[in-house]
Amino acid sequence: MSLSEELKNQIKLDLQRHEGIRFDIYLDTEGLKTGGIGHLVNQDDWNVGDEILAAQVDRWFEEDFDTAVTDACAVFLNFDSHPDDAKRVCVNMAFNLGRSRLSKFKNMIRYVNEGNYLMAANEMVNSKWYSQVGNRSVELVNIMKEV
């Protein structure tokens, strides 16, 4: 699996904008300790309010990005064959949800695999996730609709 440098950079910019960047440990919307760019930290190793060095934020982000790409490749068939904007949405969702939760989007996954991106976008709207992540979901749905 390979993403062009341009696509990688676009996805990373999207993720930084959607997740925000924090140089301290905070509780996310699920009450889990998080830091950096949406990185779920080891719950026992960090305390809320602990400071994080920029180098650590960068390491976590690179690791999490690589994991999201791997997860998207595992969830969507023939990932390389999809248009860049579809990949952009799928990797973003994999970053946000993780493989196990993304895998529950059965109908959306089926439509992406069939190349029916409009129906995939409709399935994204028809989910609890859509109302939980605010503008991120609206933006990703609009991108998927335009594929």
Side-chain angles (χ1 to χ4, degrees), residues 1-30 32-43 46 51-147:
M1 160 64 225
S2 63
L3 298 175
S4 70
E5 284 304 310
E6 182 180 342
L7 181 57
K8 271 188 202 177
N9 290 335
Q10 181 60 60
I11 295 169
K12 287 180 178 182
L13 288 172
D14 290 344
L15 289 169
Q16 290 171 357
R17 186 168 32 81
H18 291 151
E19 297 284 344
I21 301 174
R22 296 273 303 258
F23 295 94
D24 66 317
I25 300 300
Y26 63 96
L27 296 178
D28 70 5
T29 58
E30 303 292 318
L32 299 172
K33 293 177 190 171
T34 305
I37 301 169
H39 178 78
L40 186 64
V41 301
N42 183 315
Q43 301 297 296
W46 294 89
E51 290 186 28
I52 310 164
L53 298 175
Q56 181 65 59
V57 170
D58 292 342
R59 276 193 299 279
W60 283 342
F61 183 63
E62 288 302 320
E63 291 169 8
D64 293 344
F65 179 80
D66 290 345
T67 298
V69 171
T70 299
D71 289 348
C73 289
V75 170
F76 299 96
L77 299 176
N78 302 311
F79 189 74
D80 280 338
S81 69
H82 295 286
D84 281 356
D85 278 344
K87 292 183 216 178
R88 181 178 166 196
V89 170
C90 294
V91 171
N92 192 305
M93 290 181 72
F95 188 98
N96 180 229
L97 295 164
R99 186 184 302 189
S100 63
R101 287 190 292 161
L102 179 59
S103 295
K104 294 177 182 172
F105 284 66
K106 301 286 187 203
N107 291 330
M108 181 245 184
I109 293 166
R110 178 171 50 94
Y111 286 124
V112 168
N113 290 341
E114 292 172 359
N116 189 338
Y117 304 108
L118 178 59
M119 287 301 294
N122 291 340
E123 289 298 326
M124 291 163 65
V125 172
N126 188 24
S127 70
K128 185 176 171 184
W129 165 86
Y130 184 80
S131 62
Q132 291 177 324
V133 296
N135 289 334
R136 176 190 215 145
S137 59
V138 174
E139 181 180 327
L140 295 179
V141 164
N142 287 334
I143 293 168
M144 189 66 88
K145 282 181 179 179
E146 296 298 318
V147 173

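Since the structure is predicted, the reported quantities are computational estimates derived from the model, not experimental observations. The analysis underlying the following values was restricted to heavy atoms, covering all of them including side chains, and did not include hydrogens, waters or symmetry mates.
Sequence neighbours left out, the pairs with a member in residues 4-22 that pass salt bridge (charged side-chain N to carboxylate O under 4.0 Å, His left out) are Glu5-Lys8, Lys12-Glu62, Asp14-Arg17, Asp14-Arg88, Arg17-Glu139, Glu19-Arg136, Arg22-Asp24. Residue pairs satisfying the salt bridge (charged side-chain N to carboxylate O under 4.0 Å, His left out) criterion with at least one member in residues 92-105, sequence neighbours excluded, are listed as follows: Asp71-Arg99.
Phe61 has its side chain out of reach of Ile21: every pair of non-hydrogen atoms, C-beta onward, lies at least 4.5 Å apart. A 4.5 Å side-chain heavy-atom check between Ile25 and Val41 finds at least one atom pair inside the cut-off. Two residues are said to be in side-chain contact when any heavy atoms from C-beta on lie closer than 4.5 Å; Phe65 and Ile11 meet this criterion.
Taking each heavy atom of Pro83 and Val147 in turn, the nearest pair found is CG-CG1, 3.5 Å. Contact between Ala72 and Ala94 at its shortest, heavy atoms only, is N-CB, 4.1 Å. Looking at every heavy atom in both residues, Leu3 comes nearest to Leu7 through CD2-CD2, 3.6 Å. In terms of heavy-atom proximity, Cys73 sits nearest to Phe79 at SG-CD2, 3.8 Å. Heavy atoms only, all atoms of each residue included: Leu102 and Cys90 are closest at CD2-O, 4.2 Å. Taking each heavy atom of Val75 and Ser103 in turn, the nearest pair found is CG2-OG, 3.6 Å.
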Would you list the atom pairs, donor with acceptor, under 3.5 Å between side chains in residues 111-126 and any protein atom, with sequence neighbours excluded?
unit_1, atom_1, unit_2, atom_2, d
Asn113, OD1, Leu77, N, 2.9
Asn113, ND2, Ile109, O, 3.4
Asn116, OD1, Met119, N, 3.2
Tyr117, OH, His82, ND1, 2.7

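Asp66 contributes atom CG, which lies 8.0 Å from atom CD of Glu63 (distance to the nearest 0.5 angstrom). With rounding to the nearest 0.5 angstrom, the CD atom of Gln10 is 10.0 Å from the OG atom of Ser4.
Judged as a side chain to side chain contact (heavy atoms under 4.5 Å, CB included), and not counting sequence neighbours, the contacts of Leu27 are Lys33, Val48. With sequence neighbours left out, the side-chain hydrogen bond (donor to acceptor under 3.5 Å, both in side chains) criterion links Gln132 to no other residue. Residues meeting the side chain to side chain contact (heavy atoms under 4.5 Å, CB included) test with Glu51, sequence neighbours left out: none.
Not one N or O on the side chain of Ser100 forms a donor-acceptor pair closer than 3.5 Å with the backbone of Gly98.
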Discussion item. Under the criterion side-chain contact (heavy atoms from CB on, under 4.5 Å), I'd like the reasoning laid out for Leu53 against Phe23: C-alpha separation, chi angles, the key distance, then a yes or no.
Written reply: CA-CA 7 Å; Leu53 298 175; Phe23 295 94; over 6 Å; no
Practice prompt. Could you walk me through whether Trp60 and Ile37 pass side-chain contact (heavy atoms from CB on, under 4.5 Å), step by step?
Written response: CA-CA 8 Å; Trp60 283 342; Ile37 301 169; over 6 Å; no
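A donor-acceptor contact under 3.5 angstrom links the side chains of Asn92 and His18, judged on distance only.
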